[in-house]
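Quick caveat, the model's predicted, so the values are computed rather than measured. Below, chains carry the letters A, B, ... as their sequence lines are ordered, and counting in each starts from 1. All values below come from the heavy atoms of this structure, side chains included, with hydrogens, waters and symmetry mates left out.
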There are 2 protein chains.
Amino acid sequence: MRQGVDQHTDSDTDPNARPYHHGALRAQLIAAGLDLVAAEGVGALSLRRLAWEVGVSSGAPYHHFADRAALFAAIVVDGHDLLFSRLDAVRAGSSDAVAALRELLVAYASFAADHSAHMRVMLRPELAESAVHPEVTAAGARPIELLRSTVLAAQDEGAVPPGDPEPVLHMIWSLAVGYVTLWLDGPVEARCTALGTTPDEMIRRVASTVEALLRRPRA
Amino acid sequence: MRQGVDQHTDSDTDPNARPYHHGALRAQLIAAGLDLVAAEGVGALSLRRLAWEVGVSSGAPYHHFADRAALFAAIVVDGHDLLFSRLDAVRAGSSDAVAALRELLVAYASFAADHSAHMRVMLRPELAESAVHPEVTAAGARPIELLRSTVLAAQDEGAVPPGDPEPVLHMIWSLAVGYVTLWLDGPVEARCTALGTTPDEMIRRVASTVEALLRRPRA
DNA sequence: CGGCTATCTAAACGGTGCTCAGATCGCAGT
DNA sequence: ACTGCGATCTGAGCACCGTTTAGATAGCCG
């Protein structure tokens, strides 16, 4: 770690000298934060250590983030953007709405696997203090709206019973969040290996189960 | 706060003097921790503050808990005991296995509402460092075994298709954990009030939806 | 070239987890 | 009854944390 950074805002003759004005501190702090979360978990993330990691004094981050929570908030917003674009692509590429619900579940989990550092921060809203940083809740609303529209489409297809879509929405939403939480926290991983599977395969089977239940003829 | 404690191990003539040997420090630290989590969230929980709250020096807790994580681990184990007994009673009082699955979901959420401080700690396994405190994972396994046996019973009743019960188990497990996470973290509460409902009512409807899907005739 | 502003440094404050030498007390053994 | 021992608690100390502040530095605009 502690990679010396020499990115200047303009061309400089001396490539070894660390510039007084860093030039990309904000982005590098976020990147270093994600690296640190991936390597040692969210508990190890401190602004001081991040500053040291990037090669800057302990007070420097406060010119880019109001406080620790603001750094987390930036990571969460970034993660929700990535998540939404992935979910949106999956939704667009699905044949029908019920298949889309299955694929959304799988995509949510695979996003968590591919961007586990982002996800670990996203799952801990108290770190971002969403009450103080409302852009966090706004970013989190987009994936839910996507899910909601998919549930509505599944109702139009007749798979989901007509009426209030919210119970089904909350069911799939909670399922996705819960599975990913249990995955990243350990228990699902442990149980899957004990069962001779992988969490990746398991969410696929869970999602197929949900799809099969939705596709059963209505009584 | 800062309730002066005068519990002596034996009778004492001076009721106002705080005893040198506290007598019930361990239990009181746990109780104060739960109070503090309920009042200010898990982020506010520190051993120093707990010690001050109970009226004891900052080093005293370390004679009862190896470290901060051990305190959290004790809370988690306690919580899982409470949760299991509640779930077990609900399971025993249900007419059939599918109804039991619905009631288990509702009971899980209502436990989270009634013991939110316990649940907030239980949902953050990194606080208890379950790798170092294996009794935590052992305590967490009992509710899952209960769920598993209920899913198996539902298979015997014909509602759940025969075969591997694990996908259905993971579905309900994740659903319960996810809903409670989203509830305690805020977004479900916000969405429900925006919808004119309560999270309590919503989990009932979600659980009924799951039950209805399971009861649909198999294709 | 001069000044303005954003950026960064370094020091400081209070709080945290955790350790440790020493004080204190209950209790078991004689 | 007394003595010693072990469990418990104190209080000081270390390293780290978030955050603030005064002051140094450098890019940029006039």
Side-chain angles (χ1 to χ4, degrees), chain A residues 1-2 4-14 17-29 32-33 36-37 40-74 126-129 132-133, chain B residues 4-14 17-29 32-33 36-37 40-74 126-129 132-133:
Chain A
M1 285 295 164
R2 184 66 154 102
V5 179
D6 21 28
Q7 294 186 357
H8 283 223
T9 49
D10 59 335
S11 60
D12 194 336
T13 53
D14 183 357
R18 193 172 51 73
Y20 195 94
H21 279 52
H22 186 288
L25 225 203
R26 190 189 148 95
Q28 294 221 351
L29 285 172
L36 192 54
V37 169
E40 307 184 24
V42 311
L45 210 163
S46 73
L47 281 189
R48 286 186 108 107
R49 171 145 180 204
L50 250 40
W52 180 87
E53 210 90 50
V54 165
V56 110
S57 80
S58 68
Y62 288 88
H63 292 272
H64 299 275
F65 300 101
D67 52 17
R68 196 175 94 114
L71 199 229
F72 283 111
E126 85 277 8
L127 295 177
E129 291 185 12
V132 185
H133 301 273
Chain B
V5 179
D6 22 26
Q7 294 186 355
H8 285 223
T9 50
D10 60 332
S11 60
D12 196 335
T13 53
D14 184 356
R18 194 172 49 71
Y20 196 94
H21 280 50
H22 187 287
L25 226 202
R26 190 188 148 97
Q28 294 220 351
L29 286 171
L36 192 54
V37 169
E40 307 184 23
V42 310
L45 210 164
S46 74
L47 282 190
R48 285 185 107 106
R49 172 146 180 205
L50 249 42
W52 180 87
E53 210 89 51
V54 166
V56 112
S57 80
S58 68
Y62 290 89
H63 292 272
H64 299 276
F65 300 101
D67 52 17
R68 196 176 93 113
L71 199 228
F72 283 111
E126 84 276 7
L127 296 177
E129 292 187 11
V132 186
H133 300 275

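Closest heavy-atom contact between A/Val56 and A/Pro61: CG1-CD, 4.3 Å. In this structure, B/Leu29 and B/Phe65 approach most closely via the heavy-atom pair CD1-CE1, 3.9 Å.
Between B/Ser58 and A/Ala69, the residue anchored nearer the 5' end of DNA chain D, judged by the nucleotide with its closest heavy atom, is B/Ser58. Projected onto DNA chain D by closest heavy-atom contact, A/Ala66 and A/Ala44 fall at different nucleotides, the more 5' of which corresponds to A/Ala44.
For A/Arg68 against D/dG18, no side-chain N or O and base N or O form a donor-acceptor pair under 3.5 Å.
Separating the CG atom of A/Leu71 from the P atom of D/dG18 is a distance of 10 Å, rounded to the nearest angstrom. Distance, A/Trp52 CH2 to C/dA10 P: 16 Å, rounded to whole Å. Atom C1' of nucleotide C/dT19 and atom CZ of B/Phe65 are separated by 18 Å, given to the nearest angstrom. In this structure, A/Leu25 places its CG atom 15 Å from C1' of D/dA26, rounding to the nearest Å. Remark: P of C/dT16 and CG of B/Asp67 are 17 Å apart, rounded to the nearest angstrom. Across the protein-nucleic acid pair, A/Leu45 atom CG and D/dC16 atom C1' stand 15 Å apart, rounded to whole Å. In this structure, A/Tyr62 atom OH and D/dG23 atom P are separated by 21 Å, rounded to whole Å. Remark: P of C/dA6 and CZ of A/Arg26 are 16 Å apart, rounded to the nearest angstrom.
A donor-acceptor pair under 3.5 Å is formed between the side chain of A/Arg68 and the backbone N or O of A/Leu45.
Of the charged side-chain nitrogens involved, none lies within less than 4.0 Å of a carboxylate oxygen, so that A/Glu53 and A/Arg48 do not count as a salt-bridged pair.
The side chain of A/Val56 has C/dT9 as its nearest neighbour among D/dT10, C/dC18, C/dT9. Of the candidates C/dT16, D/dT10, C/dA11, D/dT10 carries the atom nearest the B/His63 side chain, counting heavy atoms from C-beta on. Comparing C/dG17, D/dT19, D/dC17 by their closest approach to the side chain of B/Leu47 singles out C/dG17. For A/Ala60, the side-chain atoms get nearest to C/dT9 when compared with the rest of D/dC17, C/dT19, C/dT9.
Residue A/His64 has a polar side-chain atom (N or O) positioned under 4.0 Å from OP1 or OP2 of C/dC8. Distances shown here put every side-chain N or O of A/Ser57 at or beyond 4.0 Å from the OP1 or OP2 atom of C/dA10.
In this structure, A/Leu71 and A/Arg26 have side chains that are not in contact, with every pair of non-hydrogen atoms separated by 4.5 Å or more.
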